Amino acid sequence: MGDQVQCLHLLVKHAGSRNPSSWKSPSITRSKEEAISQLHQFEAELRTVSGSELVKKFSQLAAANSDCSSAKRGGDLGLFGRGMMQKPFEEASFSLGVNEMSGVVDTDSGVHLILRVQ
């Protein structure tokens with residue numbers, strides 16, 4: 001597998017997140033369970049499409065719903081290598097094939113869906 005991957009992600013923060021605020025809300029109070037439930041809804045919606053349609057729909061959902069500032073880029077984190085992201089995020093990203101989406105990935109930042117695009 002290569003040295004770098006490019007991923008889109010959709011982050012849902014919760015009250016226990018490292019920094020429970022975002023561009024959408026100055027104070028996030030949802031529980032971790034509520035955040036995971038919200039991600040499962042997005043995941044179910046995304047599992048109905050594939051290929052370029054998956055990338056397009058994922059990007060739209062991330063732009064509207066992600067608690068990460070990458071939302072303004074449709075969740076695009078650009079290319080990154082090992083050691084640049086939190087370990088669970090890195091492991092999930094590098095284990096995915098191109099145009100493959102993760103299930104829920106839990107990090108100190110919150111819970112994520114990850115779509116590898118390169």
Side-chain angles (χ1 to χ4, degrees):
M1 200 165 281
D3 307 14
Q4 292 191 314
V5 295
Q6 181 178 357
C7 294
L8 309 181
H9 82 130
L10 198 166
L11 169 65
V12 179
K13 291 184 175 184
H14 51 80
S17 295
R18 175 174 58 188
N19 179 15
S21 66
S22 77
W23 64 274
K24 293 172 28 180
S25 174
S27 179
I28 294 171
T29 59
R30 76 175 67 89
S31 70
K32 184 175 184 177
E33 293 73 25
E34 289 169 322
I36 291 170
S37 176
Q38 190 175 0
L39 267 192
H40 281 306
Q41 291 172 7
F42 296 138
E43 182 181 14
E45 191 175 335
L46 290 163
R47 296 269 182 218
T48 65
V49 294
S50 61
S52 62
E53 195 58 35
L54 172 59
V55 175
K56 179 180 174 186
K57 186 151 193 88
F58 193 104
S59 186
Q60 290 169 340
L61 280 175
N65 299 287
S66 182
D67 285 318
C68 181
S69 61
S70 68
K72 63 181 173 272
R73 297 182 304 278
D76 191 349
L77 295 170
L79 285 170
F80 60 89
R82 293 192 182 275
M84 296 176 69
M85 301 290 176
Q86 294 177 52
K87 197 68 174 165
F89 192 97
E90 173 188 306
E91 288 172 357
S93 299
F94 277 87
S95 71
L96 295 169
V98 173
N99 289 339
E100 185 180 359
M101 185 175 68
S102 71
V104 173
V105 176
D106 186 9
T107 71
D108 291 344
S109 298
V111 291
H112 314 250
L113 288 177
I114 303 167
L115 175 63
R116 182 174 170 185
V117 294
Q118 184 177 324

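All of these numbers come straight from a predicted model, not from anything done at the bench.
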Sub-4.5 Å side-chain heavy-atom contact between [X] and [Y]:
X: Arg82; Y: Glu90; result: yes
X: Arg73; Y: Leu8; result: no
X: Val12; Y: Arg30; result: yes
X: Pro88; Y: Asp106; result: no

Indicate if [X] and [Y] have the same hydrophobic cluster label, given that clusters are the connected sets of ILVMFWY residues with side-chain heavy-atom separations under 4.5 angstrom.
X: Leu39; Y: Met101; answer: yes
X: Val105; Y: Phe42; answer: no
X: Met84; Y: Val5; answer: yes
X: Leu10; Y: Val117; answer: yes
X: Leu96; Y: Phe58; answer: no

Rounded distance (nearest 0.5 Å) linking atom [atom1] of [X] with atom [atom2] of [Y]:
X: Thr107; Y: Lys87; atom1: OG1; atom2: NZ; result: 14.0 Å
X: Lys57; Y: Ser50; atom1: NZ; atom2: OG; result: 13.0 Å
X: His14; Y: Asp67; atom1: NE2; atom2: CG; result: 10.5 Å
X: Asn65; Y: Leu11; atom1: CG; atom2: CG; result: 11.5 Å

For [X] against [Y], the heavy-atom pair lying closest together:
X: Gly78; Y: Asp76; value: N-OD1, 2.7 Å
X: Gln118; Y: Leu79; value: NE2-CD2, 3.6 Å
X: Ala71; Y: Ser66; value: CB-O, 3.9 Å
X: Ser93; Y: Phe80; value: OG-CZ, 3.6 Å
X: Arg116; Y: Gly97; value: CB-O, 3.6 Å
X: Leu113; Y: Val104; value: CD2-N, 4.2 Å

* To do: Check side-chain hydrogen bond (donor to acceptor under 3.5 Å, both in side chains) between Ser25 and all other residues, then give those that pass, not counting sequence neighbours.
  =>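 side-chain hydrogen bond (donor to acceptor under 3.5 Å, both in side chains) list for Ser25, sorted by chain: empty.
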
* With sequence neighbours left out, write down each residue that passes side-chain hydrogen bond (donor to acceptor under 3.5 Å, both in side chains) with Lys24, or none if nothing qualifies. =>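 side-chain hydrogen bond (donor to acceptor under 3.5 Å, both in side chains) check on Lys24 returns nothing, list empty.
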
Is [X] reaching over with its side chain to a backbone N or O of [Y], donor-acceptor style, under 3.5 angstrom?
X: Ser70; Y: Leu77; result: no
X: Ser95; Y: Ala92; result: yes
X: Lys13; Y: Asn19; result: yes
X: Ser17; Y: Ser109; result: yes

* **Candidates Gln38, Lys32, Glu33 - the one meeting side chain to side chain contact (heavy atoms under 4.5 Å, CB included) with Ile36** =>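 Among Gln38, Lys32, Glu33, the one meeting side chain to side chain contact (heavy atoms under 4.5 Å, CB included) with Ile36 is Lys32.
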
* Tell me the ring-ring contact (aromatic ring centres under 6.0 Å, His included) pairs involving residues 96-118, sequence neighbours left out? ->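 For residues 96-118, and leaving out neighbouring residues, the ring-ring contact (aromatic ring centres under 6.0 Å, His included) pairs sorted by first residue read His9-His112, Phe89-His112.
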
